[in-house]
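Quick note: residue numbers are just sequence positions, from 1. When reading the values below, keep in mind they use all heavy atoms of this one structure, side chains included, and skip hydrogens, waters and symmetry mates.
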Amino acid sequence: MTTKKSKPTKGVIDVYSWPTPNGHKVHIMLEECGYHLGKDWLAHPIDIGAGDQFAKAFLKISPNNKIPALVDPNGPDGKPISIFESGAILLYLAAKTGKFLPKSTRGKYEVLQWLMFQMGGLGPMLGQNHHFRLYAPEKIEYAVNRYTNEAKRLYGVLDAQLKDNPYIAGKSYSIADMAIYPWTRNWKNQGVEINDFPNFKRWFEMIGKRPAVIRGCEVLTALRKPLHDDKAREQLFGSTQYQRRK
């Protein structure tokens, strides 16, 4: 496992990431596709608490200053390509490998709608949940209640979908499962009681036992520190976020 900044290595996929739900999505997908960390792909840490995401070199491949970003030396036209946004990276890897996204039009859109559910709803809402429950400098009861209730609603959506389906998008494991699982690992911190959602619990425990999921969720975790530092809070939540990019 790469645990320090390193230069891109010829012939392997370089992933610039951090141990967050969005980072773990991509780590899991690479491992599920048969890419091996340290051999076929490298994890370059972008310490978002230290402000690495604002470095000019990183902004060239991730203009929104968010992790993860991927650089593949063997792009679709045989030339290097860089991709940012975790959902786009999952789609890119699915197209590159032919795995975890159905080839039929119907099957593909059944998966894509749940990927969009995660990208547009589950991720942002649970992110706000984490912020107001764990990181906000002052506890705002309205915000805590709003995002906790929304988290429970979203878990209810998942629970209903999984009542008659073994996986998020139906009968087959897909990028939708990989996108959603990392965001739900901290259900307890989100104010959710997992036993209230038995279908989700069954799926959650099943996905969590997959070897590639276990490996993917371990990537870079040794580098993560508790967010108690004021400087780190400023990098993540303060005015630094809104400075003009040059």
Is [X] linked to [Y] within one hydrophobic cluster, defined over Ile, Leu, Val, Met, Phe, Trp and Tyr using a side-chain heavy-atom separation of less than 4.5 Å?
{"X": "Ile214", "Y": "Tyr167", "answer": "no"}
{"X": "Met206", "Y": "Trp114", "answer": "yes"}
{"X": "Val213", "Y": "Met178", "answer": "yes"}
{"X": "Leu30", "Y": "Val71", "answer": "yes"}
{"X": "Ile207", "Y": "Ile194", "answer": "yes"}

Beyond-backbone contact of [X] with [Y], side-chain heavy atoms, under 4.5 angstrom:
{"X": "Pro19", "Y": "Val219", "result": "no"}
{"X": "Val111", "Y": "Pro102", "result": "yes"}
{"X": "Pro166", "Y": "Tyr173", "result": "no"}
{"X": "Thr20", "Y": "Ile48", "result": "yes"}
{"X": "Phe197", "Y": "Leu162", "result": "no"}
{"X": "Val157", "Y": "Phe117", "result": "yes"}
{"X": "Tyr16", "Y": "Pro68", "result": "no"}
{"X": "Ile61", "Y": "Phe84", "result": "no"}

Sidechain-backbone polar pair: [X] side chain, [Y] backbone, donor-acceptor under 3.5 Å:
{"X": "Ser104", "Y": "Gly107", "result": "yes"}
{"X": "Lys66", "Y": "Gln53", "result": "no"}
{"X": "Thr148", "Y": "Asn145", "result": "no"}
{"X": "Asn129", "Y": "Gln190", "result": "yes"}
{"X": "Arg133", "Y": "Asn189", "result": "yes"}
{"X": "Lys96", "Y": "Asn74", "result": "yes"}
{"X": "Ser62", "Y": "Phe58", "result": "no"}
{"X": "Asp40", "Y": "Tyr35", "result": "no"}
{"X": "Asp72", "Y": "Ile81", "result": "no"}
{"X": "Asp52", "Y": "Ile46", "result": "no"}

Item to check | Verdict with reasoning, Gln161 to Asp159, per side-chain contact (heavy atoms from CB on, under 4.5 Å) | outcome: CA-CA 5 Å; Gln161 171 65 6; Asp159 194 67; over 6 Å; no
Next on the checklist: Please determine whether side-chain contact (heavy atoms from CB on, under 4.5 Å) holds for the pair Leu70 and Tyr92, giving the CA-CA distance in whole Å, both sets of side-chain angles, and the decisive distance to 0.1 Å.
Outcome noted: CA-CA 10 Å; Leu70 174 149; Tyr92 173 75; 4.1 Å; yes
Calculate, to the nearest 0.5 Å, the distance between atoms [atom1] and [atom2] belonging to [X] and [Y] respectively.
{"X": "Leu122", "Y": "Leu158", "atom1": "CG", "atom2": "CG", "value": "6.0 Å"}
{"X": "Ser174", "Y": "Lys108", "atom1": "OG", "atom2": "NZ", "value": "13.5 Å"}
{"X": "Glu138", "Y": "Phe132", "atom1": "CD", "atom2": "CZ", "value": "9.5 Å"}
{"X": "Asp47", "Y": "Leu220", "atom1": "CG", "atom2": "CG", "value": "10.0 Å"}

[Y] versus [X], side-chain donor and acceptor atoms under 3.5 Å:
{"X": "His44", "Y": "Asp14", "value": "yes"}
{"X": "Asn22", "Y": "Lys25", "value": "yes"}
{"X": "Asn195", "Y": "Lys201", "value": "yes"}
{"X": "Trp203", "Y": "Asp177", "value": "yes"}

Using the salt bridge (Lys or Arg N to Asp or Glu O under 4.0 Å) criterion, which residues pair with [X]? Sequence neighbours excluded.
{"X": "Arg146", "answer": "none"}
{"X": "Glu150", "answer": "Arg153"}
{"X": "Glu32", "answer": "Arg210"}

Next on the checklist: Using side-chain hydrogen bond (donor to acceptor under 3.5 Å, both in side chains), reason through Tyr155 and Asp196 one step at a time and then give a plain yes or no.
Outcome noted: CA-CA 9 Å; Tyr155 276 81; Asp196 291 341; over 6 Å; no
Item to check | Sole residue of Ile168, Leu101, Ile180, Ile175 in side chain to side chain contact (heavy atoms under 4.5 Å, CB included) with Leu115 | outcome: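 Checked Ile168, Leu101, Ile180, Ile175 against Leu115; only one passes side chain to side chain contact (heavy atoms under 4.5 Å, CB included): Ile175.
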Item to check | Test log, rule side-chain contact (heavy atoms from CB on, under 4.5 Å), inputs Glu193 and Lys188 | outcome: CA-CA 7 Å; Glu193 172 49 63; Lys188 188 176 295 185; over 6 Å; no
Do you know which two heavy atoms are closest between [X] and [Y], and how far apart they sit?
{"X": "Tyr181", "Y": "Ile28", "value": "CD2-CD1, 4.5 Å"}
{"X": "Cys33", "Y": "Thr97", "value": "SG-OG1, 3.6 Å"}
{"X": "Gly11", "Y": "Pro73", "value": "C-CG, 3.8 Å"}
{"X": "His24", "Y": "Cys217", "value": "CE1-O, 3.3 Å"}

Checklist entry - Yes or no on side-chain contact (heavy atoms from CB on, under 4.5 Å) for Met125 and Leu154, after CA distance, side-chain angles and deciding distance? => result CA-CA 9 Å; Met125 293 299 101; Leu154 291 166; 3.7 Å; yes
Next on the checklist: Can you confirm if the aromatic rings of Trp41 and His36 lie within a centre distance of less than 6.0 Å?
Outcome noted: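 No, ring centres 6.0 Å or more apart.
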